[in-house]
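Please read the structure below before turning to the comments.
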Amino acid sequence: MQKHEQWSSKIGFILAAAGSAIGLGAIWKFPYMAGTNGGAAFFLLFIAFTLFIGAPILIAEFVIGRNAQKDAVSAYKIIAPNSKWFLLGWMGVIASVLLLSFYSVVGGWILSYLGRSLLGQITGVANYESLFNNIIENPYESIISQILFILLTIWVVQGGIKKGIERASKYMMPALFILFIILAVRSLTLDGAMEGVKFFLQPDFSKI
């Protein structure tokens, strides 16, 4: 009987799970969406939906995966044979491909910015909108950066759970947490910071 690879520790699994949920959206999109849709009122609803909708679905997914020890499609074929539930697994696979199709582009942009930062091309930029437009209007830079991001993703995933995903998460997630703290501290030192905090956290239930 084939022995499936397992997580080596609970913290490795938790970090990997967090890594799949916490991304760029937590930095730029969530604060903006919260601020324009009721601030703390939106935030409270978000927490409620996470606890009463997201968490049960997540637990159900964990139970299915742990019970079947198979991929998303085969798992449903095992726990619900002779049914159409395996189509739900295919929906998950297709959704992941669609996510990768645009997330790899955004990941490529990040690598472009990282490369420019290391070369000192970010410091002193007067118009960041023009810089971004220059990046996305350059097909060679955009495509090469996207391909590099995909290759890095393949390199991590092909290492398997322990030597790939778990190892990467143990380094990248703490680094992301530290970057979050640096961004938060730096943001609070900018002019008009408190106005931004009010925009994000001041409740306005009329916008719900």
Side-chain angles (χ1 to χ4, degrees), residues 10-66 72 76 85 87-110 112-114 122 125-133 135-136 149 165 169-170 172-208:
K10 290 183 179 179
I11 188 63
F13 169 75
I14 293 172
L15 290 174
S20 68
I22 303 171
L24 291 175
I27 299 175
W28 67 271
K29 188 174 183 180
F30 181 78
Y32 168 77
M33 293 296 294
T36 56
N37 291 280
F42 175 92
F43 196 66
L44 289 173
L45 281 178
F46 179 85
I47 294 175
F49 290 153
T50 299
L51 292 175
F52 296 110
I53 299 176
I57 293 175
L58 181 66
I59 293 172
E61 185 174 332
F62 288 165
V63 171
I64 291 171
R66 190 172 183 83
Y76 287 100
W85 279 102
L87 295 176
L88 192 62
W90 275 114
M91 288 175 61
V93 173
I94 294 171
S96 297
V97 173
L98 293 175
L99 284 169
L100 180 62
S101 70
F102 76 82
Y103 215 95
S104 60
V105 176
V106 179
W109 294 344
I110 294 172
S112 292
Y113 275 100
L114 177 61
I122 300 293
V125 173
N127 191 328
Y128 287 101
E129 184 177 356
S130 296
L131 173 62
F132 176 68
N133 289 333
I135 292 176
I136 64 176
F149 178 83
I165 299 172
S169 298
K170 284 182 177 179
M172 296 175 71
M173 289 309 297
L176 179 63
F177 181 71
I178 293 171
L179 286 174
F180 273 158
I181 295 176
I182 294 173
L183 281 173
V185 172
R186 173 57 179 155
S187 297
L188 292 174
T189 63
L190 298 175
D191 293 335
M194 287 302 103
E195 291 301 317
V197 173
K198 289 181 180 178
F199 170 76
F200 176 42
L201 293 178
Q202 186 170 338
D204 184 358
F205 289 92
S206 67
K207 293 183 178 181
I208 297 299

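In this text, all values refer to a predicted model and were calculated from it rather than measured experimentally. Along the sequence shown, the residues carry numbers beginning at 1. All values below were derived from every heavy atom in this structure, side-chain atoms included, with hydrogens, water molecules and symmetry-related copies excluded.
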- Neighbour count above 12 (heavy atom, 6.0 Å) for Phe43 CZ: no
- Query: For Trp85 and Tyr76, which heavy atoms make the closest approach, and how far apart are they?
  - Reply: O-CG, 3.5 Å
- Item | Interatomic spacing from OG1 in Thr50 to CG in Leu45 - rounded to 0.5 Å | 10.5 Å
- Query: Mind checking whether Phe42 and Phe49 have ring centres under 6.0 Å apart?
  - Reply: no
- Indicate the atoms forming the closest heavy-atom contact of Tyr32 with Phe199, along with that distance. O-CZ, 4.2 Å
- Query: Rounded to the nearest 0.5 Å, how far apart are CG of Leu15 and CE of Met172?
  - Reply: 12.0 Å
- Item | Contact summary for Ser169 and Pro174, nearest pair of heavy atoms | O-CD, 3.5 Å
Listed pairs under 3.5 Å, donor-acceptor, residues 177-188 side chains, sequence neighbours left out:
from, atom 1, to, atom 2, distance (Å)
Arg186, NH1, Thr189, OG1, 3.3
Ser187, OG, Leu183, O, 2.7

- Task: Please report the closest heavy-atom contact between Tyr113 and Tyr128, naming both atoms and the distance.
- Result: OH-O, 4.4 Å
- Message: Quick check on Asp191: does its CG atom have over 12 non-hydrogen neighbours (other residues, nucleotides or ligands) under 6.0 Å away?
- Response: no
- Query: Once the angle between the rings of Tyr103 and Phe149 is folded into 0 to 90°, is it parallel (under 30°), tilted (30 to 60°) or perpendicular (over 60°)?
  - Reply: tilted
- Given the rule in the side chain to side chain contact (heavy atoms under 4.5 Å, CB included) test, do Ile136 and Val105 qualify, once you have shown the distances and angles that lead to the verdict? CA-CA 10 Å; Ile136 64 176; Val105 176; over 6 Å; no
- Note, Leu176 side chain near Met173 side chain (heavy atom, < 4.5 Å): yes
- Note, Ile64 side chain near Glu61 side chain (heavy atom, < 4.5 Å): no
- Query: Nearest heavy-atom pair of Ala16 and Ile165: which atoms, and what distance?
  - Reply: CB-CG2, 4.0 Å
- Of all heavy-atom pairs linking Val93 and Ala72, the shortest is CG2-CB, 4.4 Å
